[in-house]
Amino acid sequence: MLSFLHRRAARTPDKRHVWSSVAALVLLACASTAHAIPVYARQTGSACADCHAAAYGAAGAGPNLTPYGMRFKLNGYTDTDGNGTKIPLAAQLTESHSAPAKGVSTTNLTEADLYIAGRLTDQIGGYIKVEADHVGHDTYNTKLSTVDLRFVAKELKLGGKNLTLGVSVNNSPGFDDPISILPAAMSFGPPGGQGPTGTFLNLSSANSPTNRVIGATFYGLYDANWYGEVGTYDSLPRSTQDHLGYNISGDPGKISDTGYFRFAYMKDLKRQFFSVGVVGLTTKRELQRVGPADDLTDLGYDLSYQFLGNRENIVQVSYVNILEKRKYGSTFESPTVPGLFASSRGALHDETLSVAYIFKQSYGVQVAHIESNGTRDDVRFGPYGNPDTAANLFSVFWTPFGKDDSFTSIANMRISATWFRFTRFNGATSNIFGVPLGVESTKPGDLNAFTVSVSAAF
Amino acid sequence: MTKSTLGLCAAVLILGWTLDSPLVRAGDASAGSDVFKSECAECHSVKQGRNKKGPSLFGIVGRKAASLPDYNYSDALRSHTDWVWTADKIHSYLSQPAKQADPGTKMKYDGLSNAKDLDDLISYLGTIH
């Protein structure tokens with residue numbers, strides 16, 4: 001069932017709502033969303049570049065984890081150099097200059113983060129991010145961001161092969177994935193912006209479960225190559241979301257009978273890596289927490305390849321394709337066209353293709369194509385009944401530190417310039433909000449934005 | 001066959017025997033640097049005093065096993081009081097899974113099966129001192 005707000009959005013596009021959503025999504029994609037933190041470097045003695053191809057987290061949709069980074073994550077963030085206990089704290093500051101195609105350019109300290117992360121025991125470790133986001137007028141909103149707490153049993157044997165078993169308690173389906181190319185782990189996804197146009201697994205979708213649910217998954221890695229994970233999630237009460245710093249308008253709704261699975265084959269060839277995976281999620285969602293539930297079923301597959309060589313020239317390619325089938329619990333009549341009813345079923349489709357090249361683990365360029373498509377529904381998706389969106393990301397970045405030979409291993413910095421470009425929005429390539437003739441219309445390109453960011457972590 | 005031809009043949013044979021000898025690892029240190037980066041660098045540094053999950057490999061060739069004072073070695077490796085990391089010892093150790101070479105070790109490594117890569121790597125390690 002669509003919320004009143006979404007029905008309203010579908011009927012009469014609220015430009016402010018859309019613009020703010022788009023701005024948030026662009027910032028989401030462009031601002032630093034680093035998962036690599038100096039805590040882990042201090043704990044393991046490793047360089048950031050050992051786990052991250054570009055020596056600085058997954059900022060701006062990548063680059064991806066290296067196979068070594070995947071193993072660190074699978075081992076519950078517990079690997080250590082064995083040289084005493086390290087303080088499990090790190091911080092990150094991000095200053096950004098954002099220049100939208102239309103609108104006012106701004107320069108702000110856009111994000112300040114505190115990380116509590118690392119190893120508690122040889123079997124227990126985790127990652128907790130507390131994030132303060134600039135929300136205008138020198139004010140910040142603090143929220144509990146991603147959480148991933150793990151218990152892991154390592155170095156088990158099954159049929160003479162190595163086996164790792166673990167439990168992850170996390171608040172974002174897909175974030176805990178070791179390959180880290182699913183939308184929640186990439187911190188990047190197809191821009192929705194208006195109504196529930198993306199899949200449930202896409203953190204860019206309106207009412208996404210990201211950070212607003214809590215769940216547990218059981219996972220295992222067999223023979224270093226075969227990964228399997230099953231789990232379930234439950235949404236946090238609205239009051240809890242509010243206490244954790246989230247606006248309840250983004251509530252994913254009450255979800256029940258939720259199942260999540262992930263299977264992947266991944267092969268570390270030292271100089272190369274590839275993976276093939278499938279992911280699925282099924283849930284019953286009451287978006288307004290009362291009334292009939294919508295049945296959502298996501299099923300996707302993903303492919304990734306990395307050329308690592310001697311780490312001088314790294315190429316990473318990833319592709320994610322997720323299809324969501326929806327069976328709506330209720331339908332309703334169009335307010336403008338009597339007798340026209342919203343469909344009782346629908347499908348949404350997210351695709352992301354990303355290619356990154358990194359030189360000397362310091363200089364990089366990344367290009368991504370992002371598409372979100374859905375079946376036509378004249379009542380649910382305004383103004384044209386078409387939710388299709390397409391966008392591209394072009395990013396260049398420089399990470400001066402984070403390598404073995406860097407002068408410091410306790411701090412890191414990343415400078416990036418990103419252009420986010422829309423080519424289709426609301427299924428249209430012109431007048432995307434469907435305003436009447438005589439009123440200034442908006443093209444997809446008017447939503448573009450150029451962002452320069454500097455992130456420092458210590 | 002002239003004397004010079006015989007001499008050349010002898011030199012080639014001697015050179016071939018020398019390169020094939022288990023006592024000498026005639027690898028390419030430059031290529032070994034690349035092998036190190038892809039096989040070892042995530043867990044080991046060649047910087048003196050820089051321990052990662054594994055101990056620093058600075059000066060590893062010729063070093064007594066488990067001898068760095070600031071690294072927490074496994075009991076298994078500490079027990080090998082007679083182990084010295086000669087080129088041959090390293091060759092033997094790395095040509096098989098670490099858990100097989102030293103049961104109880106903390107090291108997680110499946111072994112380097114490519115003989116040339118292994119020789120190149122050992123040659124490279126020999127230059128790190």
Side-chain angles (χ1 to χ4, degrees), chain A residues 40-53 65-72 74-75 78-85 119 122 154-155 157 160-162 164 221 223-225 267-273 306-314 360-361 403-409, chain B residues 28-58 66 68-78 94-100 102-114 116-118 120-121 124 128:
Chain A
Y40 295 147
R42 289 192 287 267
Q43 175 179 303
T44 59
S46 296
C48 301
D50 290 334
C51 290
H52 298 275
L65 284 176
T66 63
Y68 182 78
M70 295 174 198
R71 287 193 290 273
F72 178 74
L74 275 165
N75 282 337
T78 62
D79 291 348
T80 172
D81 62 2
N83 199 14
T85 301
R119 164 196 173 93
D122 193 43
K154 296 177 272 190
E155 300 191 37
K157 289 284 183 187
K161 305 285 188 182
N162 290 328
T164 300
L221 179 71
D223 195 21
N225 299 325
K267 188 71 177 175
D268 178 11
L269 299 167
K270 300 293 183 181
R271 292 177 176 86
Q272 300 179 79
F273 169 88
Q306 298 189 30
F307 174 79
L308 297 155
N310 64 3
R311 276 59 174 172
E312 291 281 300
N313 299 280
I314 296 176
K360 288 184 178 293
Q361 299 174 299
K403 273 77 67 178
D404 258 348
D405 54 359
S406 299
F407 84 93
T408 177
S409 59
Chain B
D28 176 349
S30 174
S33 171
D34 285 350
V35 176
F36 178 85
K37 286 172 186 167
S38 59
E39 296 282 337
C40 319
E42 288 156 341
C43 294
H44 295 279
S45 170
V46 291
K47 198 172 171 184
Q48 189 171 19
R50 173 78 187 270
N51 297 324
K52 301 169 87 169
K53 277 176 69 179
S56 168
L57 297 185
F58 179 84
L68 290 182
D70 56 347
Y71 183 78
N72 185 19
Y73 291 96
S74 66
D75 291 341
L77 194 61
R78 285 181 202 278
L94 293 181
S95 60
Q96 57 187 314
K99 303 285 184 196
Q100 184 178 310
D102 180 22
T105 182
K106 292 198 289 188
M107 184 165 165
K108 295 169 185 168
Y109 189 60
D110 293 334
L112 188 52
S113 56
N114 184 307
K116 182 181 183 309
D117 282 357
L118 186 50
D120 291 346
L121 174 64
Y124 168 69
I128 306 300

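Each chain gets a letter, A, B and so on, in the order its sequence line appears, and its residues count up from 1.
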* **Minimum-distance pair of heavy atoms, taken over all atoms of R50(B) and A47(A)** => NH2-N, 3.9 Å

* Interface moiety of V35(B) toward chain A, non-hydrogen atoms closer than 4.5 Å -> both

* Would you indicate whether the side-chain heavy atoms of R71(A) and K108(B) approach each other to under 4.5 Å? => no

* To do: Please state whether the side chain, the backbone, both or neither of Y71(B) comes within less than 4.5 Å of a heavy atom of chain A.
  => side chain

* With a 4.5 angstrom heavy-atom cut-off, which part of D110(B) approaches chain A: side chain, backbone, both or neither? -> neither

* To do: Measure the spacing between NZ of K106(B) and CD of E155(A) and express it to the nearest 0.5 Å.
  => 11.0 Å

* To do: Return yes when atom CG of N313(A) has more than 12 non-hydrogen atoms of other residues, nucleotides or ligands closer than 6.0 Å, and no otherwise.
  => yes

* Asked: What is the distance from atom OG1 of T80(A) to atom CG of N72(B), rounded to the nearest 0.5 Å?
  -> 9.0 Å

* Asked: What part of Q43(A) gets closer than 4.5 Å to chain B, counting heavy atoms only: side chain, backbone, both or neither?
  -> neither

* **K52(B) and its side chain to side chain donor-acceptor pair (under 3.5 Å) partner, picked from D81(A), D50(A), T44(A)** => D50(A)

* Tell me, for N83(A) versus chain B, whether the close heavy atoms (under 4.5 Å) come from the side chain, the backbone, both or neither. => side chain

* Asked: Salt bridge between R271(A) and D117(B), side-chain N to carboxylate O under 4.0 Å?
  -> yes

* To do: List the atom of D34(B), the atom of N310(A), and the distance in Å for their closest heavy-atom pair.
  => OD1-ND2, 2.9 Å

* Structure fact -> Scanning both residues in full, the closest heavy-atom pair of G309(A) with S38(B) reads O-CB, 3.4 Å

* Asked: What is the minimum heavy-atom distance between D79(A) and K53(B), and which atoms define it?
  -> OD2-NZ, 3.2 Å

